[in-house]
Amino acid sequence: MTSFFQIIADGISIGALYALVALGYTLVYGILQFINFAHSDVFALGAWASLTAAAMLGLSSAFGAQVPPFYLTLLVLLAAMVVCGAFGYAIERLAYRPLRNAPRLNVLITAIGVSLLLQNIGQLEIFRAKNQGMTVYSIPFGPFPRVMPPMIVNESITFLGVTFNTVDLIILAVAMVIMIGIEWMIFHTKIGLAMRAVSFNHRTAALMGVNVDRVVSFTFVTGAVLAGAAGFLYCLKYPQLRQTADTMWVLFGLKGFVAAVVGGIGNIRGAMLGGLCIGLIEFLGVSTISSDYRDVYVFSILIVVLLVRPNGILGKAVVEKV
Amino acid sequence: MTELATTSDDGASALRPPGWTAIPRAVWPVVVGVVLAYCLQELVVPNTPTFSSVIAFAGINILLAVSLNLVNGFAGQFSIGHAGFMAVGGYFGASIVYYGSYAIYGDFNFHGGYLSYLGSARSTPSMPLLGGELLFLAGCILGGLLSVAAGYLVGLPSLRLRGDYLAIVTLGFGEIVRVLLEGTPSQISPYGTLSSVDQVIVDKSSFFGLLHRVGGPQAFNGLPTYASHFWIYVWVAIVLAVAVRVKYSGYGRSLLSIREDLVAARSIGVDVTKYNVRAFMLSAFFAGIAGVLTALYVGQIKAGDLGFSRSFEIIIMVVLGGLGSISGAFMAAILLTFLPEVLRDPPRIYDPTVLAVIAVLALIAAVRARHRWRVLGLIVGVCLAYELARWGADVSGRKLSDFRMIIYAAVLVLLMILRPQGLLGVHEIWEVWPLNKLPFLRRPLRSSSTATAGAVALQEKR
């Protein structure tokens with residue numbers, strides 16, 4: 001029975017990450033009704049940006065295996081969020097805004113193109129900084145995997161027979177804070193009201209004096225910032241980072257999207273719930289069946305949910321207009 | 001093509017159900033294709049040893065792009081799991097040929113006939129015509145049929161899903177296939193290193209028990225290379241003939257109507273689900289065969305290479321050529337297969353021949369285009385960018401082909417912004433100036449333009 005609770009603890013910790021990624025998908029989908037395929041690459045960018053920021057601050061060599069003070073960690077998180085936010089804005093401005101009124105298929109193809117572009121540009125290595133013969137960082141990130149320097153004290157705490165890692169608790173705490181912040185922003189601020197108006201109807205919102213372009217940009221930047229935070233948390237949990245074109249990043253992003261769909265896409269609380277569900281299902285499958293097929297469980301759940309309840313757990317049924 | 005046009009022009013005969021006269025019309029393109037494929041293997045490939053494998057991969061990519069066009073272009077259902085069908089059919093067909101070869105001949109060696117021989121191997125044919133070829137063809141067909149079953153399964157969700165959701169489901173399907181194949185047990189080794197356990201398993205009676213032993217995360221290696229250029233291009237001919245006949249049939253027009261407006265198509269009585277599922281099955285059949293051909297041309301098949309990046313490559317071909325254009329997909333597949341080879345050692349743009357080609361292109365653009373200066377500027381800009389990129393690659397000590405995927409992705413995004421319908425849009429090459437001025441192509445144009453007229457009108461309205 002302990003192991004069951006252990007599975008739940010592990011599932012919730014990874015599920016919080018999925019939920020953060022899912023929030024980015026669901027925000028964009030709620031407003032523009034399209035899947036931002038490049039979101040998983042922004043997430044990868046967040047992980048790599050936090051590694052680069054940590055290396056630039058000299059964290060790997062200055063502190064050795066020691067843990068740096070907390071404000072430097074926060075600085076790294078901030079750097080990841082800022083880089084991702086800037087990229088999110090640029091992607092929306094350059095690739096998606098010219099296609100605002102195009103057919104949805106074209107926007108989908110553009111999203112795939114942007115995703116491929118980010119992946120493959122990330123594989124270049126234009127500038128490289130070395131320290132004692134070791135590549136400390138390179139911009140863009142280059143084709144080789146790197147190791148994130150230690151950022152926090154990672155202790156395992158055993159409570160009622162269930163082992164928690166400090167990292168998991170931090171992930172959960174940061175994710176909770178961000179989600180509550182987003183929830184508050186959507187329902188209690190002026191920009192949140194504008195976002196809800198735009199997601200309801202573009203044209204009407206524009207007629208009521210909402211600057212649609214600005215709201216869409218803001219949504220993209222918010223989603224990208226969340227992806228940056230998720231990328232940072234990901235490096236805390238799994239310090240071995242693979243190259244940007246690795247399948248793993250896209251799969252992680254897609255699982256985030258699955259989480260958004262399972263919870264009900266376009267629904268903020270649904271994204272959180274879906275993220276936790278996906279994390280739990282993945283870990284249940286890994287621990288009870290086999291760890292080789294961890295992607296299979298998630299995509300099977302996606303197909304089942306789409307066939308049984310296409311609007312997700314918390315989603316509302318949409319009547320098609322002719 | 002002309003016969004096809006005469007029947008479409010004549011309203012009365014179009015209403016009559018096609019009798020036995022339909023058979024020669026369906027068969028002659030394939031016969032021509034077989035002859036052309038034979039000429040290719042006999043005349044072209046031996047004289048171009050550098051490009052011989054590229055020619056083969058171009059054929060496989062044509063097969064994939066044209067078949068994906070049936071779903072993405074005709075039916076308008078955006079599928080991004082084409083490599084998954086390729087993997088299903090490819091692994092099944094390859095294991096049939098591999099273990100079938102063991103069951104029939106007692107070893108894993110090549111037992112081909114005349115048509116599969118390549119290069120020096122031809123001088124010593126060990127078997128008469130169609131020795132192992134029947135086995136190979138059986139592998140192709142059975143692999144394709146298993147893909148059809150997979151296509152049925154994947155097509156069914158299109159009952160409820162559309163657009164983005166269907167895209168994600170097909171992507172998920174491709175990944176599930178890849179992960180499942182990577183979990184299979186290791187293959188029986190061809191090199192006489194069978195353990196005693198495997199010796200027991202390798203028994204002709206348990207042939208079907210062997211089929212799933214396809215190598216796991218390592219590649220499925222040591223396959224006999226039956227897929228010569230001849231066979232690849234025979235399949236290309238078949239897929240082209242099928243695609244053209246589907247496009248100009250009632251079924252094809254139903255598919256096009258689904259693409260243009262699903263609700264309107266349903267309201268005039270098109271069974272959307274049935275047609276979508278059929279399009280998926282037809283497309284999957286050829287994708288499976290492309291998988292078998294890849295496996296048996298290279299001699300190995302690896303699930304890791306058949307992930308979504310492969311699917312995206314095929315999508316880029318279809319989108320570049322134009323969603324719904326068979327000849328567009330055909331040309332884009334050839335272009336994008338040869339491009340990396342050319343970029344490996346890029347020609348300088350101020351070579352006289354290259355300059356002449358660019359001049360001709362610019363001339364055509366200037367005569368044709370409504371905004372002629374914009375098109376000229378685009379051509380000049382592309383040439384400048386190319387020359388700059390070549391120079392930059394030289395300076396930094398890289399090859400231009402290293403930037404292949406970056407160029408593809410940038411082209412994809414720019415294409416969507418500047419020319420969202422792709423190179424040819426919904427048109428075929430013979431509907432485009434100056435080919436439509438040729439007298440012997442006029443009649444097919446008249447018949448085929450009705451199929452695309454609505455689509456063109458819609459696109460112009462957008």
Side-chain angles (χ1 to χ4, degrees), chain A residues 29 33-38 91 94-99 101-126 245 247 250-251 254-255 257-258 261 265 290 292-303 306-308 310 320-322, chain B residues 72 76 78 80 154 156-157 159-169 171-180 182-183 216-217 259 261-264 267 304 307-309 312 315-316 319 323 396 398 402-418 420-421 459 462:
Chain A
Y29 195 93
Q33 258 82 53
F34 88 99
I35 302 170
N36 182 12
F37 266 102
I91 291 169
L94 298 176
Y96 297 148
R97 192 176 292 182
L99 290 165
N101 296 317
R104 279 166 70 180
L105 196 58
N106 291 352
V107 187
L108 192 66
I109 295 166
T110 313
I112 291 174
V114 172
S115 163
L116 289 178
L117 200 62
L118 283 181
Q119 279 176 26
N120 289 289
I121 287 182
Q123 272 195 306
L124 293 175
E125 201 171 61
I126 293 168
T247 317
V250 183
L251 277 180
L254 282 179
K255 284 182 198 165
F257 176 75
V258 172
V261 172
I265 197 153
S290 161
D292 291 344
Y293 302 124
R294 67 185 326 165
D295 306 327
V296 172
Y297 312 129
V298 176
F299 286 115
S300 313
I301 285 298
L302 170 74
I303 292 173
L306 284 180
L307 288 179
V308 175
E320 194 176 333
K321 281 174 278 188
V322 180
Chain B
N72 283 14
F78 204 65
I80 44 181
V154 179
L156 271 188
L159 176 70
R160 305 190 112 192
L161 312 170
R162 227 163 297 129
D164 311 346
Y165 287 104
L166 191 65
I168 287 288
V169 166
L171 187 62
F173 159 76
E175 284 308 298
I176 288 174
V177 166
R178 184 180 64 78
V179 173
L180 288 183
E182 284 185 344
R259 174 186 70 186
D261 195 328
L262 192 127
V263 180
S267 72
F308 47 75
S309 55
F312 284 166
I315 287 172
I316 292 174
V319 172
L323 282 163
S396 64
R398 289 193 181 93
D402 296 350
F403 299 94
R404 182 182 65 123
M405 283 315 287
I406 295 179
I407 296 172
Y408 280 11
V411 163
L412 199 63
V413 174
L414 285 178
L415 196 72
M416 278 302 116
I417 292 173
L418 299 176
Q421 70 271 41
Q459 267 189 355
R462 280 174 196 149

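Values below: all heavy atoms of this structure, side chains included; hydrogens, waters and symmetry mates excluded. So you know, we letter chains A, B, ... as the sequences are listed, proteins then strands, and number each from 1.
Closest of all the heavy-atom pairs between A/Asn106 and B/Pro420 is ND2-CB, 3.2 Å. Shortest non-hydrogen contact noted between A/Gly113 and B/Ala409 is O-CB, 3.4 Å. Heavy atoms only, all atoms of each residue included: A/Asp295 and B/Arg178 are closest at OD2-NH2, 4.4 Å.
When heavy atoms are compared at a cutoff of 4.5 Å, A/Ile121 approaches chain B by way of both its backbone and its side chain. In this structure, chain A has no heavy atom under 4.5 Å from any part of B/Tyr408. In this structure, chain A has no heavy atom under 4.5 Å from any part of B/Arg404. Contact annotation for A/Gln119: neither backbone nor side-chain heavy atoms come within less than 4.5 Å of a heavy atom of chain B. Heavy-atom distances place no part of A/Ser115 under 4.5 Å from chain B, backbone and side chain included. Residue B/Leu414: no heavy atom, backbone or side chain, is found under 4.5 Å from chain A.
Distance check, rounded to the nearest 0.5 Å: CZ of B/Phe308 to OG1 of A/Thr247 gives 5.5 Å. Atom CG in A/Leu99 sits 8.0 Å away from atom CE in B/Met416 (nearest 0.5 Å). Here the CG atom belonging to A/Leu302 is positioned 8.5 Å from the CD1 atom belonging to B/Ile176, to the nearest 0.5 angstrom.
With chain B as the partner, the residue from A/Asn101, A/Leu118, A/Leu94, A/Leu124 showing the most heavy-atom pairs under 4.5 Å is A/Leu124.
Using a 4.5 Å cut-off on side-chain heavy atoms (C-beta onward), B/Phe78 and A/Ile112 make contact. Here the side chains of B/Ile80 and A/Leu108 are not in contact, with every heavy-atom distance at 4.5 Å or above. You'll find the side chain of A/Val261 stays beyond 4.5 Å of the side chain of B/Ile168, heavy atoms only.
The side chain to side chain contact (heavy atoms under 4.5 Å, CB included) with A/Ile109 is formed by just one residue from the set B/Val319, B/Asn72, B/Val413, B/Leu415; it is B/Val319.
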- request: Decide side-chain contact (heavy atoms from CB on, under 4.5 Å) for B/Leu412 and A/Thr110; before the verdict, give the C-alpha distance in whole Å, the side-chain angles of both, and the deciding distance to 0.1 Å.
  value: CA-CA 7 Å; B/Leu412 199 63; A/Thr110 313; over 6 Å; no

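Taking A/Tyr96 as the reference, A/Phe34, A/Phe220 meet the ring-ring contact (aromatic ring centres under 6.0 Å, His included) condition, with sequence neighbours excluded.
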